[in-house]
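Report on one structure; see the data block that follows.
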Amino acid sequence: MPCITHMPQTNRPHIAMNSEPVRHNTIYRNLAITLLAILSALPINAQDGSSAYNFLNITSSTRIYGLGGINISLVDDDITVSDQNPALLGQEMSGQISLNYMKYVGGSNFAGVRYGHSVGAHGTWGVNMQYFGYGSMKETDPEGNIIGNFSPKDLTFGATYSHDITDRLRGGINVKMVYSSYADYTAFALATDLGINYYDPERDLSLSAVVSNLGGQVKRFNESYDRLPIDVRLGWSQSFGTFPLRFSITAHNLTKWHLPYYETGDGTETGSFKVKDKFTSNLFRHLVFGVDLISNPNWYIGLGYNYKTRTDMSTYNRNFLSGFSLGAGMRVKAFGFGIAFAQPHTGASTFMVNVNCSLSDLIHG
């Protein structure tokens with residue numbers, strides 16, 4: 001089945017169960033070793049605020065966008081959940097293809113495709129492509145005279161591989177080629193995402209760690225070097241017994257504690273804006289909260305809250321919905337459909353659509 005199937009009391013469908021059980025201490029030891037290996041690959045000066053390529057952090061999944069835009073621990077058989085954690089790609093997604101479209105802020109339009117296929121008894125590979133178009137803009141000369149129009153765009157081409165380390169532990173890697181074209185300037189970059197996921201089916205407990213966007217520019221726009229938005233993320237997702245809600249918390253931007261922002265008040269203030277850099281403010285700007293209704297395997301509803309999005313849009317005419325996002329989806333035979341909506345600012349609404357298809361179910365009826 002293509003998507004939105006919740007597996008609260010079963011093992012991952014693709015795992016061969018004829019092997020001997022793995023002791024829990026071995027699982028935790030392997031998890032710790034893998035996490036240390038991932039974290040050791042991170043440059044010390046990552047995420048210092050000077051990075052470019054921030055479009056790489058925009059999800060292509062309605063499941064994830066509806067849960068706040070960042071989630072690395074959602075275990076499901078929807079191939080789009082592997083968007084931000086390659087370790088979530090699995091053999092249960094073999095033969096699944098997903099198309100996505102997003103109407104973003106400022107007239108931007110994003111679209112892409114993702115496909116996965118099993119390999120061997122414990123591996124899965126996938127390919128993905130994303131297009132980021134920012135509409136038509138005026139082109140001027142150094143004196144400010146309009147000389148025409150141009151349409152800036154970014155393209156990413158990715159290849160993913162995941163492997164079952166144990167019956168509960170899975171690791172994955174995603175390699176991305178990034179091409180950017182802005183008027184007469186072009187650039188090319190390479191990026192890698194490393195992820196790991198631990199899933200306990202008896203408790204429906206999922207724990208993940210990801211290092212995203214490791215890499216750098218191969219070809220620059222000009223003499224200056226633009227850094228990739230390298231990030232370390234930790235995620236937790238879990239449901240409790242027969243309670244039909246699953247909760248998620250994702251910690252991001254973990255390479256930098258201080259994430260100050262300016263509070264602009266009600267629009268009547270003059271002078272310098274207030275800088276918010278307290279402990280609680282920094283803490284919640286690192287966290288994304290999500291909850292999804294999973295009472296029926298054929299449909300879902302998800303709600304997310306991203307405090308950083310809300311404070312980044314901190315203007316006096318910010319509306320109540322800023323920081324919140326909503327997603328929903330359903331499955332009809334071999335097809336899955338998902339939508340997500342957010343309004344980070346009164347003048348900026350975003351809308352996303354996913355269409356999934358299980359080719360194997362379609363072919364074999």
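Residue Val288 is found in a hydrophobic cluster whose other members, listed by chain and number, are Ile70; membership requires side-chain heavy atoms under 4.5 Å apart, directly or through intermediates. Members clustered with Leu259: none, using a 4.5 Å side-chain heavy-atom cutoff among hydrophobic residues.
More than 12 heavy atoms of other residues, nucleotides or ligands shown are found within 6.0 angstrom of CZ on Phe188. Crowding of Lys138 atom NZ: a count of heavy atoms from other residues, nucleotides or ligands under 6.0 Å not exceeding 12.
Pairs passing the salt bridge (Lys or Arg N to Asp or Glu O under 4.0 Å) check and including a residue from residues 114-136, sequence neighbours excluded, read Asp83-Arg114. Pairs passing the ring-ring contact (aromatic ring centres under 6.0 Å, His included) check and including a residue from residues 56-94, sequence neighbours excluded, do not occur. Listed by first and then second residue, the salt bridge (Lys or Arg N to Asp or Glu O under 4.0 Å) pairs that reach into residues 172-188 are Lys176-Asp193, sequence neighbours excluded. Under the salt bridge (Lys or Arg N to Asp or Glu O under 4.0 Å) criterion, the residue pairs touching residues 287-304 are Arg63-Asp292, Arg246-Asp292, with sequence neighbours excluded. Pairs passing the salt bridge (Lys or Arg N to Asp or Glu O under 4.0 Å) check and including a residue from residues 205-218, sequence neighbours excluded, do not occur.
Every residue meeting the side-chain contact (heavy atoms from CB on, under 4.5 Å) condition with Ile72, not counting sequence neighbours, appears here in chain and number order: Gln84, Asn85, Ser208, Val210, Arg233, Thr250. His286 is linked by a side-chain hydrogen bond (donor to acceptor under 3.5 Å, both in side chains) to nothing, counting only residues two or more places apart in sequence or in another chain. Evaluation of the side-chain contact (heavy atoms from CB on, under 4.5 Å) rule for Leu99 yields Val113 as partners, not counting sequence neighbours. Contacts of Asn100 classified as side-chain contact (heavy atoms from CB on, under 4.5 Å), with partners at least two apart in sequence or in another chain: Ser60, Gln130, Asn354. The side-chain contact (heavy atoms from CB on, under 4.5 Å) check on Ser281 picks up Tyr261, Lys276, Arg285, Tyr307, with sequence neighbours excluded.
Taking CD of Gln238 as the reference point, atom CG of Leu207 lies at 8.0 Å (rounded to 0.5 Å). Atom OG of Ser248 is separated from atom CG of Leu287 by 12.5 Å, given to the nearest 0.5 angstrom. The distance from atom CD of Gln96 to atom OG1 of Thr124, rounded to the nearest 0.5 Å, is 11.5 Å. Atom OH of residue Tyr179 and atom CG of residue Leu155 lie 8.0 Å apart, to the nearest 0.5 angstrom. We find the CG-NE2 distance between Asn57 and His252 to be 9.5 Å, quoted to the nearest 0.5 Å.
Linking Ile, Leu, Val, Met, Phe, Trp and Tyr residues whenever their side-chain heavy atoms come within less than 4.5 Å leaves Ile196 and Ile64 in two separate clusters. By the criterion of side-chain heavy atoms lying less than 4.5 angstrom apart, applied directly or through intervening Ile, Leu, Val, Met, Phe, Trp or Tyr residues, Ile173 is grouped together with Met177 in one hydrophobic cluster. Linking ILVMFWY residues whenever their side-chain heavy atoms come closer than 4.5 Å, directly or via other members, leaves Phe341 and Met102 in distinct clusters. Residues Ile147 and Tyr185 do not share a hydrophobic cluster, defined by chaining ILVMFWY side chains whose heavy atoms lie under 4.5 Å apart.
Ring orientation note: the planes of Phe132 and Phe55 are tilted relative to one another, at an angle of 30° to 60°. Ring pair Phe243/Phe247 is parallel by interplanar angle, where below 30° counts as parallel and above 60° as perpendicular. The aromatic rings of Phe221 and Tyr53 lie parallel to each other, with less than 30° between the two planes, well short of the 60° mark.
Contact check on Asp200 versus Arg168 returns a salt bridge, with a Lys/Arg side-chain nitrogen under 4.0 Å from an Asp/Glu carboxylate oxygen.
Looking only at distances, a side-chain donor or acceptor of Asn71 sits under 3.5 Å from a matching main-chain atom of Leu74. Under a 3.5 Å cut-off, the side chain of Ser162 and the backbone N or O of Leu89 do form a donor-acceptor pair.
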Could you go through the ring-ring contact (aromatic ring centres under 6.0 Å, His included) check for Phe337 and Trp299 one step at a time?
CA-CA 9 Å; Phe337 307 90; Trp299 57 269; over 10 Å; no

Evaluate the criterion side-chain hydrogen bond (donor to acceptor under 3.5 Å, both in side chains) for residue pair Asp154 and Tyr182; output intermediate values, then yes/no.
CA-CA 9 Å; Asp154 296 296; Tyr182 302 160; 2.9 Å; yes

side-chain hydrogen bond (donor to acceptor under 3.5 Å, both in side chains) assessment of Ser206 paired with Asn197
CA-CA 7 Å; Ser206 175; Asn197 173 255; 2.8 Å; yes

Tyr101 and Asn109: side-chain hydrogen bond (donor to acceptor under 3.5 Å, both in side chains), yes or no, with the steps?
CA-CA 7 Å; Tyr101 168 78; Asn109 293 275; 2.4 Å; yes

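Side-chain contact between Asn128 and Tyr115 is absent, with no heavy-atom pair separated by less than 4.5 Å.
Side-chain atoms of Asn213 and Asp231 form no donor-acceptor pair, as typed in the model, at a separation below 3.5 Å. Between Thr350 and Lys103, the side chains place no donor N or O within less than 3.5 Å of an acceptor N or O (distance only, hydrogens not considered).
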